[in-house]
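A short worksheet on the structure shown next.
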Amino acid sequence: MENNEQGKLGLLPCVTILTGGCIGSAIFSLSGMTMYYAGPAVILTWIIAAVILGLYGIMVAELSIRYPKSGGVFVFPAKAMNKKWGFVSAWGYLISNCIAVAFSAIYVATYLGVGFPALAPLQVPLALISIVFVTVLNLLQITAAGKFNNLLVALLVVTMVVYGVVAFTHPNFNWGNFSNFFEGGMGTFGWIQAVPNAMVAYGSVVSIAFMVSEVKNPNRTVPKSMAISLILVVFLYLMMIAGTVGHLTTQYLIDNPGMRFIPMFAAAWTSMSNIPWLSKLISISAFIALITTMLVVQAINARAMSSMAEEGMLPAVLAKSNKNNAPSVSTIVLAAAAAALSCFPSITELLVNLGSITAALTIVIVCMALIQSRKKLPYVEGNYRAPGGDGLVIFTIIVIVVTYIPAIFNGGAQMWIFTAILYVVGLVVMAYYTGKEKK
C-alpha cells in the first residue's frame, strides 16, 4: 500500500480544518438568499448541495492518493492530463478563492458592524485587518495554525449549537412558517435555483485532499475526515437554517432585502429580541466562522500557486517557502489580491457570480482528471478508490454543471467581461511560460 505515512496532520486536525473551512460566509450570509429563493424547502436545497459536494469530495480523495502532493487543484489535472489543463484549473481556483477570502473579509466587517454598531463605519479597515490576521497565521507552521484553528472551530460549534437550541425552544418559534413548503421568493422551483449558493458552503470539504502531502496516513485520513466533517457540517447547517426559518417568514425576506445577507442576526434581532445577547452571539459566531474559512481557503490557495510556480508555470519566486515551510511569497501575493477586492464591498454580488463561473470550471476539470488518471495509472490494491466507476464521475460533472447554470447566467454582461479578461490574462501567462519551457 502506498502513502501510509506522509505529513503531520492526523484525523482530528483534518476534521477541524475541513469543518472550519466549510462553515463560513455562506451559512451566515448566503443562507439568507437560499431562504428567500426556496422558502421552507431550503432544507432540501442544503441537503442536495451536500450530496453533490460529497460526490465531488470522493473523486478528489482518490486523486489525492494517486498524486500525493499538495496543490492538487493544479497537480491532479497536470499529472493526469497535462500542465495546460492544470494551469486552467488552478487559475480559476486562484480567482474563486481570492474572491472567497475577500467576500469573507467583507462579511467579517458586516457582522461586527451589526453586532457592535460602533464598528459599523470601519467596514474596509476591519476587512483588511482580518486578511492580515489570517495571513500571519498561515505564515506559521501548519501545526501551529492547526492548533489555533482547532480552538476556533470548537468555539464556533458551541456558538452554533447555542443559537440552535435557543431558536427551537424560544416561544416565538413558529412551525407554521414551514407550511406552503415549496413556495419561496423565486416560485415553486426556487429551491433548485438556490442549490449553487448552498454548494458554496461545502466547497472546502476538499481542502485536505489539496494539502495531502501534509496529511498523516492520507489513504485513510483524507476520505474519513471528509466524511466526518461533512456529516457534522450538514447537521449544524440544518439546525441553524431550520431554527431561523421558524422565526423568519419568506415574506419578511421579500420585504426586507437587506436582511437576506444576515438571516440569523435578523431572527435574533426581531423574533428573539427579548434575548439581547443572542444577536451579539451571532455576530461573534459569524466572525469566528469567517476567520476559519479565510484561514483554510488562503492556505490551500497558496499551495496551489506554489505548485504552479514549482512546475514552471508561474514566476519561480512564488514557490519560495519560509523557515516554517509555508509558501510565504504566494501567501502574501494572494493576500494582497484579496485585500484589494475587499476594499470594494459594493461589488459583492458581482464577486459571487464571478466565483460561480471559475469554481464550476475548476470542478469539472478536476473530475475529468480522475477519468484520465484511471486510464494512465493502474489501481494499487489497498488504496482508496471512489465507488461507482467513471459513470459516477460523469454523473457528478453533469449535475454540477446543471446546478451552476442559473448562477452563471444571472450575473449580467459586466460579470462576463470581467471573467473573460481574467481568463485572457491567464492564457497569456500560460502561453508565456509554456513557450519559455520549450526553449
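The first residue of the sequence shown is numbered 1, and numbering continues consecutively from there.
Rounded to the nearest 0.5 Å, atoms CH2 (W85) and CE (M430) are 9.5 Å apart. We find the CG-CG distance between L137 and L295 to be 5.5 Å, quoted to the nearest 0.5 Å. In this structure, CE on M33 lies 9.5 Å from CG on L253, to the nearest 0.5 angstrom. Taken from CD1 in I288 to CG in L151, the straight-line distance is 8.5 Å, to the nearest 0.5 Å. The distance from the OG1 atom of T19 to the CD1 atom of I231 is 11.0 Å, given to the nearest 0.5 Å. Separating the CG atom in L55 from the OG1 atom in T396 is a distance of 4.5 Å, to the nearest 0.5 Å.
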Step by step, would you call W269 with L278 a side-chain contact (heavy atoms from CB on, under 4.5 Å)? CA-CA 8 Å; W269 187 64; L278 188 60; over 6 Å; no
Using side-chain contact (heavy atoms from CB on, under 4.5 Å), reason through T292 and I23 one step at a time and then give a plain yes or no. CA-CA 8 Å; T292 54; I23 301 173; 5.6 Å; no
Let me see the working for L361 and Y423 under side-chain contact (heavy atoms from CB on, under 4.5 Å), right down to the final yes or no. CA-CA 11 Å; L361 182 58; Y423 272 101; 3.5 Å; yes
Carefully, step by step, assess I208 and M226 under the rule side-chain contact (heavy atoms from CB on, under 4.5 Å). CA-CA 8 Å; I208 287 301; M226 282 185 181; 5.7 Å; no
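For the side chain to side chain donor-acceptor pair (under 3.5 Å) condition, no pair includes a residue of residues 335-345, sequence neighbours left out. Note on residues 121-130: pairs passing side chain to side chain donor-acceptor pair (under 3.5 Å), not counting sequence neighbours, are T110-Q123. Sorted pairs that involve residues 120-136 and meet salt bridge (Lys or Arg N to Asp or Glu O under 4.0 Å), not counting sequence neighbours, are lacking altogether.
Residues F28 and F261 place their aromatic rings such that the two centres sit no closer than 6.0 Å.
Judged purely by atom type and a 3.5 angstrom limit, S283 has no side-chain atom pairing as donor or acceptor with the backbone of L112. At least one donor-acceptor pair closer than 3.5 Å links the side chain of N322 to the backbone N or O of A326. In terms of modelled atom types and a separation under 3.5 Å, the side chain of S207 and the main chain of L18 share no donor-acceptor contact.
Nearest heavy-atom pair across V215 and V222 is CG1-CG2, 4.3 Å. Heavy-atom minimum distance, S307 versus F74: O-CE2, 3.7 Å. Residues A49 and A198 come closest through the heavy atom pair CB-CB, 3.6 Å. In this structure, G203 and V206 approach most closely via the heavy-atom pair O-CG2, 3.5 Å.
The number of heavy atoms from other shown groups lying within 6.0 Å of CZ (F395) does not exceed 12. Around the CZ atom of F168, the shell of radius 6.0 Å holds more than 12 heavy atoms that belong to other residues, nucleotides or ligands. For K280, the NZ atom sits in a packed shell: over 12 heavy atoms of surrounding residues, nucleotides or ligands are nearer than 6.0 Å.
In terms of the ring-ring contact (aromatic ring centres under 6.0 Å, His included) criterion, Y163 has no residue partners (sequence neighbours excluded). For Y36, the ring-ring contact (aromatic ring centres under 6.0 Å, His included) test picks out no residue, with sequence neighbours left out. Residues that satisfy the side chain to side chain contact (heavy atoms under 4.5 Å, CB included) test with I394, not counting sequence neighbours, are I371, I398.
Using modelled atom types and a 3.5 Å distance limit, the side chains of Y237 and S31 yield no donor-acceptor pair.
Both tests do not hold together for R220 against Y384: distance to the six-membered ring centre under 6.0 Å, angle to the ring axis within 45°.
Ring geometry for W91 versus F87: interplanar angle under 30°, hence parallel rather than tilted (30 to 60°).
Under a 4.0 Å N-O distance rule, the pair E214/K69 does not qualify as a salt bridge.
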